[in-house]
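For reference, the structure is listed below as structure tokens.
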Amino acid sequence: MTDLSVSLGKLQLAFPTLMASGCYGSGEEYASFIDLSQVGGIVLKSVTRWPRLGNATPRLVPTPSGMLNAIGLQNPGIDWYLEHEVRKFADRPCAIIGSVAGFSVDDYGYITERLARRKEIAAIEVNISCPNVASEGETFACDPQLTKKVVELTRSVTDKPLIVKLSPNVTDIAAIAVQAQDAGADALAVINTVRAMSIDVDAWRPRLGNIAGGLSGAAIRPIALLAVYEVARAVRIPIVGQGGIETPNDALEFFLAGATAISIGTANFTDPRAPLRIVEGVRDYLQQRNLKSLKEITGKANVGFSNAHQYEGDEG
Amino acid sequence: MTDLSVSLGKLQLAFPTLMASGCYGSGEEYASFIDLSQVGGIVLKSVTRWPRLGNATPRLVPTPSGMLNAIGLQNPGIDWYLEHEVRKFADRPCAIIGSVAGFSVDDYGYITERLARRKEIAAIEVNISCPNVASEGETFACDPQLTKKVVELTRSVTDKPLIVKLSPNVTDIAAIAVQAQDAGADALAVINTVRAMSIDVDAWRPRLGNIAGGLSGAAIRPIALLAVYEVARAVRIPIVGQGGIETPNDALEFFLAGATAISIGTANFTDPRAPLRIVEGVRDYLQQRNLKSLKEITGKANVGFSNAHQYEGDEG
Amino acid sequence: MPLVQSSAAVHTTTVLDRTELAPGVVVIGLHAPDLVAVTRPGHFVMAIPPSGERASVALGVYEAEGERASFMLAVVGSRTRELADVAPGERVEFFGPLGNGFDLSQGHKNVAIVAGGVGIASVLLAAQALVAGGARVRLYYGARTKALLADADKFEQAGCAVHCATDDGSLGFSGFITDLFAKTEDRPDLVLACGPSPMLRAVCKIAMQMNIQAQLSLEETFACGVGACWGCVIPVERGSAQAPRFPMLSTDGNRGDPVYARICREGPVFWAHELRW
Amino acid sequence: MPLVQSSAAVHTTTVLDRTELAPGVVVIGLHAPDLVAVTRPGHFVMAIPPSGERASVALGVYEAEGERASFMLAVVGSRTRELADVAPGERVEFFGPLGNGFDLSQGHKNVAIVAGGVGIASVLLAAQALVAGGARVRLYYGARTKALLADADKFEQAGCAVHCATDDGSLGFSGFITDLFAKTEDRPDLVLACGPSPMLRAVCKIAMQMNIQAQLSLEETFACGVGACWGCVIPVERGSAQAPRFPMLSTDGNRGDPVYARICREGPVFWAHELRW
Ligand SMILES: Cc1cc2nc3c(=O)[nH]c(=O)nc-3n(C[C@H](O)[C@H](O)[C@H](O)COP(=O)(O)OP(=O)(O)OC[C@H]3O[C@@H](n4cnc5c(N)ncnc54)[C@H](O)[C@@H]3O)c2cc1C
Ligand SMILES: Cc1cc2nc3c(=O)[nH]c(=O)nc-3n(C[C@H](O)[C@H](O)[C@H](O)COP(=O)(O)OP(=O)(O)OC[C@H]3O[C@@H](n4cnc5c(N)ncnc54)[C@H](O)[C@@H]3O)c2cc1C
Ligand SMILES: Cc1cc2nc3c(=O)[nH]c(=O)nc-3n(C[C@H](O)[C@H](O)[C@H](O)COP(=O)(O)O)c2cc1C
Ligand SMILES: Cc1cc2nc3c(=O)[nH]c(=O)nc-3n(C[C@H](O)[C@H](O)[C@H](O)COP(=O)(O)O)c2cc1C
Ligand code: FES
Ligand code: FES
């Protein structure tokens with residue numbers, strides 16, 4: 001049997017497929033379409049310290065091969081969440097990974113500590129690629145120092161696996177990745193959405209209520225893939241690749257670039273069976289090549305700059 | 001008559017449409033498909049100090065709603081260029097804008113000085129979003145200090161209009177834009193391609209000879225649009241918007257975001273008439289609304305963060 | 001008043017028939033007995049474009065009888081174009097039925113249905129169910145031009161009185177359908193409506209003035225269609241039947257009214273008096 | 001030996017006919033007298049996919065006679081699928097003809113043409129011109145399976161001897177067409193070839209061994225198709241007829257051989273002995 005199980009630190013996953021935060025509710029929304037025991041895990045919608053209404057509408061805009069979203073972390077806040085929501089996750093047939101978002105370094109520690117204590121939660125994803133009101137609209141993941149502080153603090157409050165989710169909206173994602181690793185992250189989620197916008201030319205107004213939003217879907221796949229490739233060359237901890245993964249071929253690109261697992265977000269919106277088709281296709285690929293496990297391909301396209309002409313290479 | 005002329009500093013353009021550097025050769029390649037007197041200007045392929053072979057092949061990869069390229073600035077070098085190429089541009093019926101690329105700050109000054117002296121060249125685009133061997137693979141446009149140095153030097157060697165071309169692969173493009181403006185740029189080109197990659201899962205190898213490349217086309221349009229919007233709020237000089245512009249509607253989004261002119265690159269590959277269709281559609285739009293010139297819409301979607309809920313807004 | 005809950009699955013179906021009602025408006029009939037068995041008036045599905053390259057598209061369930069269900073498609077962009085191009089014998093996949101449909105459980109006896117454009121597709125099942133339940137049902141149906149009214153006879157066959165309006169006056173009343181509806185002297189005890197947003201707002205206002213209850217089927221850009229992404233929200237009254245049952249800061253930034261409900265999950269049908277738009 | 005130069009324009013044409021040769025292989029006939037007037041053997045066009053949402057696709061000009069030109073399309077992805085789906089009466093736009101075609105000016109008398117798969121589309125005009133010029137012409141045509149060889153009779157009609165091979169042995173020689181060609185005892189004085197890269201490399205090797213001149217029509221991913229982007233290059237001998245006429249560092253990083261030529265502009269047809277791949 002081809003082995004598709006992977007581990008992210010101490011977190012064992014039967015399949016290398018996570019359902020991306022904010023795209024899968026708590027899994028209940030998709031339970032009538034696919035057998036949730038066939039996915040590796042579900043990353044819950046990010047939760048904050050206080051209840052949040054989320055952003056003004058519209059919150060979604062379709063774009064070429066992708067979509068913009070600006071949900072604004074609509075969620076009930078950690079108190080209600082712990083009291084009413086978390087217990088519902090107990091009987092999910094796959095790993096449940098909490099996602100925490102904060103507006104100060106302190107928020108992350110506080111929420112992580114409370115959430116990680118619950119047995120229903122197998123691991124915590126630290127979403128530092130959301131806005132940081134304290135530092136004037138920048139996200140934590142855009143600042144190596146803030147990244148370090150958040151990860152150190154969350155590390156100090158739990159032994160459960162910590163996945164730190166990075167932003168692509170930076171000059172050097174590998175440098176941020178190294179900070180997160182050195183501060184104690186068990187794994188890295190690469191990447192969150194790419195900042196973008198759309199304008200209604202009849203109304204002379206941004207289409208999103210929030211003006212700017214995050215681009216996801218196939219359009220960003222090549223961007224996400226390079227981010228994974230570069231981060232993989234810089235760190236030793238596992239990477240959860242994400243950004244526009246829709247097919248087995250897409251998933252394989254991310255494994256070859258250096259991802260240990262992948263997350264599937266927007267592709268579920270097109271077809272809820274996407275995670276099953278991806279796992280099936282990846283299994284076929286390994287079997288056809290007599291490969292026993294994903295380890296045999298992880299990072300294998302991660303070649304050095306061996307090309308003789310690389311020294312003069314660029315994207316001009 | 002609706003006025004579609006615009007100016008970028010002292011550079012007057014009969015139409016707001018530039019043909020993007022590296023995508024249009026020297027215009028001769030497209031002369032049998034469209035009347036070049038109907039485009040605002042042509043930005044030539046970037047030229048370097050020495051002849052360059054360019055990158056190893058393959059150099060192109062199609063991606064969802066876009067493409068990757070890693071040409072590597074194949075060009076004959078400034079000496080041959082001045083002697084054999086530039087004179088051919090004399091009779092072009094639109095503005096000819098030279099593009100210079102360098103591997104050191106000094107390169108930019110040297111090439112700009114020599115190229116700008118030629119009467120065939122109406123303005124210079126300073127392509128600082130290409131690799132900088134001196135600073136280890138980073139591009140000049142990723143570093144505010146290098147941006148400043150390059151622009152100051154090129155400014156000191158010519159009075160011709162200088163358009164500085166920025167990279168989207170940075171944490172804060174507006175900050176770089178301000179540096180370029182303060183150092184003497186007459187206009188800014190926003191954006192160059194987005195760094196990305198693709199992997200061949202059969203060969204276990206990156207698809208591009210150069211490993212990484214630049215993503216262009218409709219996929220990056222929402223990313224480019226936000227970059228223009230943010231730069232427009234930070235600077236006083238005109239912006240040449242670019243990235244995935246294919247239709248009149250796309251062009252109008254960029255004008256409303258704050259672009260004075262636009263560049264068209266990848267769309268020419270799909271249909272060489274794209275620049276004409278865009279100009280026609282923009283003219284119709286203005287006429288239908290009784291608007292006399294593009295000035296009446298430039299930056300008009302550039303609203304403040306007036307939304308009541310913005311304070312809690314993000315892209316989660 | 002809880003609205004009807006759906007029971008959803010992924011369906012792989014075969015195209016039985018394809019009818020072009022007017023330029024750019026197509027009805028696609030599918031062999032879909034499993035959908036027919038569970039769908040209720042006001043439900044929608046998410047149709048997966050055949051190439052799989054594009055996002056799925058929300059479509060109201062138009063007809064559902066025996067083994068055949070159908071959708072009415074207005075071609076407005078690349079996804080609806082691709083779906084409208086399918087030929088009989090080809091495969092169409094979708095997931096659903098989704099959302100909460102119309103609440104027809106309260107024994108209303110005199111019902112007016114107001115529909116605009118392809119909004120008509122979301123109300124035929126409701127009209128049939130109401131007539132079957134003994135209600136007197138009128139359809140007010142508006143469209144840009146005559147050709148688009150082609151399927152109005154389905155409502156006559158169902159036993160409804162049909163009143164038409166066209167923007168260009170090519171058939172029936174010349175003007176907005178809501179203007180025609182506003183003139184009625186036969187006050188209904190329930191209004192159902194589906195169509196473009198401005199039409200729904202007008203219906204809402206008229207219903208308030210007449211002091212009649214109204215249920216509106218709303219359209220928004222959807223991503224997931226199943227309540228997972230919180231992208232399709234609309235402000236509703238806090239504490240209303242359709243408001244999410246957990247704390248939220250309000251749209252005023254205070255712990256007050258209103259709050260956001262998901263159109264795809266708490267809707268797409270909302271009671272007019274619970275909306276705060 | 002300068003190759004033929006083209007004279008290009010944007011063409012808007014109407015589909016005359018559409019023939020499915022084999023599953024996934026289609027010939028589209030277009031009313032395109034302006035293209036017929038200027039196209040030469042080995043030319044290609046960039047076809048604009050009807051929706052305008054996708055990049056244009058390089059296609060060899062297959063037939064060109066009277067007012068009709070045709071293209072042969074192998075459906076391999078979304079762009080070729082969209083183009084192959086057009087129906088008679090619909091509009092197809094393209095720009096071209098582009099590139100330098102085959103050089104048939106040198107009075108060769110005994111020509112072998114080696115084609116693989118839809119590569120056949122790029123050599124029919126050459127075969128016709130050679131026969132018309134008095135040459136004896138043989139076609140070696142290989143494909144995966146029999147069904148794909150459907151159009152070989154066009155070459156017979158043109159007066160060529162046709163030798164077929166299929167990978168699965170369903171028609172003609174069982175194996176690669178190049179293996180069949182290598183066995184010939186009738187040594188041609190010129191070889192033309194078009195097909196997948198491994199086939200072209202094999203042809204190149206055989207031609208060298210036989211000491212015959214060969215012209216190869218190459219395929220690569222194109223962006224512009226007109227020589228503007230330098231994306232489609234291949235290493236050629238510095239100083240060869242097809243090498244760009246300006247200084248370039250070589251592929252060895254020195255000022256030596258080879259240098260990069262654009263397949264779309266300096267090619268797509270190259271003399272085998274000038275390539276350095
Ligand atoms: C609950 C629900 C039920 C629906 N039921 C139906 C149905 O039964 N039949 C049906 O045809 N559609 C229905 N719709 C609308 C349909 O989902 C959208 O029109 C469709 O997603 C558009 O996809 P597209 O890719 O073709 O167009 P896009 O590319 O997304 O849009 C193209 C252009 O059309 C505009 N546009 C988008 N939607 C509409 C619209 N509805 N009317 C006019 N212009 C529009 C856009 O602003 C854009 O300019 C329903 C929507 C919802 C939420
Ligand atoms: C000068 C020239 C002339 C050409 N003439 C013709 C012609 O006459 N008829 C024709 O059908 N094609 C021809 N081609 C090839 C054609 O341009 C490409 O196959 C087409 O661009 C593929 O577009 P797509 O979007 O359908 O596929 P893509 O989405 O680009 O590719 C889909 C998949 O098919 C693979 N693929 C791409 N091209 C081929 C191929 N040629 N064979 C097998 N697999 C492939 C890709 O690697 C990918 O996996 C020519 C190419 C050139 C450069
Ligand atoms: C509607 C939507 C909501 C999202 N919400 C969150 C969130 O709350 N927390 C988070 O970490 N990422 C969030 N994301 C980002 C996704 O988890 C994922 O990283 C991103 O969409 C890229 O993957 P994809 O292209 O497969 O969707 C959201 C994405 C979408 C489309
Ligand atoms: C094939 C190709 C080559 C390019 N070469 C250059 C170049 O030499 N110099 C430069 O400044 N930009 C270059 N660019 C970037 C374009 O000028 C343009 O900024 C970018 O492609 C975004 O616009 P688009 O999406 O309309 O193509 C190149 C782009 C492409 C696709
Ligand atoms: S579309 Fe996702 S919650 Fe409604
Ligand atoms: S494809 Fe652009 S130069 Fe050949």
Side-chain angles (χ1 to χ4, degrees), chain B residues 19-20 22-34 45 50-77 79-81 83-85 207 209 213 216-218 246-247 265-274 276-277, chain D residues 5-12 38 46-49 51-58 77-79 93-98 220-235 238 244-265 277:
Chain B
M19 303 303 105
C23 299
Y24 218 68
S26 71
E28 170 267 327
E29 292 83 351
Y30 282 99
S32 54
F33 306 117
I34 78 169
K45 174 78 187 164
W50 305 113
R52 283 175 58 83
L53 179 74
N55 288 330
T57 59
R59 294 177 173 183
L60 300 173
V61 180
T63 67
S65 295
M67 56 173 274
L68 297 179
N69 88 79
I71 309 299
L73 297 175
Q74 176 160 357
N75 83 90
D79 291 339
W80 170 284
Y81 197 73
E83 192 170 342
H84 300 277
E85 306 287 334
R207 282 190 189 276
S216 66
E246 296 178 344
T247 68
T266 305
N268 291 302
F269 305 161
T270 301
D271 188 341
R273 295 163 304 180
L276 305 186
R277 279 205 325 256
Chain D
Q5 276 291 343
S6 73
S7 118
V10 183
H11 297 265
T12 301
V38 295
M46 296 293 284
I48 304 174
S51 71
E53 284 181 8
R54 300 183 165 95
S56 55
V57 180
S78 57
R79 293 175 295 166
E93 298 191 312
F94 58 82
F95 50 106
L98 297 166
E220 243 299 355
T221 303
F222 283 179
C224 69
V226 302
C229 78
W230 291 90
C232 63
V233 297
I234 188 153
R238 182 184 295 272
R245 306 244 162 278
F246 58 72
M248 269 193 264
L249 288 177
S250 79
T251 52
D252 299 323
N254 304 314
R255 291 182 170 270
D257 286 345
V259 297
Y260 284 125
R262 296 164 294 187
I263 295 179
C264 73
R265 182 86 171 197
W277 51 336

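Throughout, protein chains are lettered first and strands after them, A, B, ... in sequence-line order, and every chain is numbered starting at 1. No hydrogens, no waters, no symmetry mates; every other heavy atom, side chains included, goes into these values.
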Hey, could you give me the [atom1]/[atom2] distance between [X] and [Y], rounded to the nearest 0.5 Å?
| X | Y | atom1 | atom2 | result |
| --- | --- | --- | --- | --- |
| B/N55 | D/Y260 | CG | OH | 8.0 Å |
| D/M46 | B/T270 | CE | OG1 | 8.5 Å |
| B/L53 | D/W230 | CG | CH2 | 10.0 Å |
| B/L60 | D/T221 | CG | OG1 | 6.5 Å |
| B/S65 | D/E53 | OG | CD | 7.0 Å |
| D/R262 | B/Q74 | CZ | CD | 8.5 Å |

Is any side-chain heavy atom of [X] less than 4.5 Å from a side-chain heavy atom of [Y]?
| X | Y | answer |
| --- | --- | --- |
| B/Y30 | D/C224 | yes |
| D/E93 | B/R273 | yes |
| D/V233 | B/T57 | yes |
| B/P51 | D/F246 | no |
| B/N69 | D/C229 | no |

Side chain to side chain contact (heavy atoms under 4.5 Å, CB included) against B/A274, all qualifying residues, sequence neighbours excluded:
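By the side chain to side chain contact (heavy atoms under 4.5 Å, CB included) rule, B/A274 matches B/A267, B/R277.
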
Quick check on the interface: out of B/P76, B/G27, B/G25, who has the most heavy-atom pairs with chain D under 4.5 Å?
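If we count pairs closer than 4.5 Å to chain D, B/P76 comes out on top.
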
Verify, without hydrogens or angle tests, whether B/S32 (side chain) and D/S7 (backbone) share a donor-acceptor contact under 3.5 angstrom.
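No, because the side chain of B/S32 does not come within donor-acceptor range (under 3.5 Å) of the backbone of D/S7.
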
Contact class of D/F222 relative to chain B, heavy atoms under 4.5 angstrom
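Interface part for D/F222: backbone (N, CA, C, O).
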
Measuring heavy-atom distances to chain D, does B/F33 have an atom under 4.5 Å in its side chain, in its backbone, in both, or in neither?
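B/F33 touches chain D through backbone and side-chain heavy atoms alike.
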
At a 4.5 Å cut-off on heavy atoms, which part of B/N75 comes close to chain D: side chain, backbone, both, or neither?
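For B/N75, the contact with chain D is made by the backbone alone.
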
Exercise: identify the closest heavy-atom pair between [X] and [Y]:
| X | Y | answer |
| --- | --- | --- |
| B/W80 | D/R245 | CZ2-O, 2.7 Å |
| D/A228 | B/C23 | CB-O, 3.8 Å |
| B/R59 | D/G231 | CB-O, 3.5 Å |

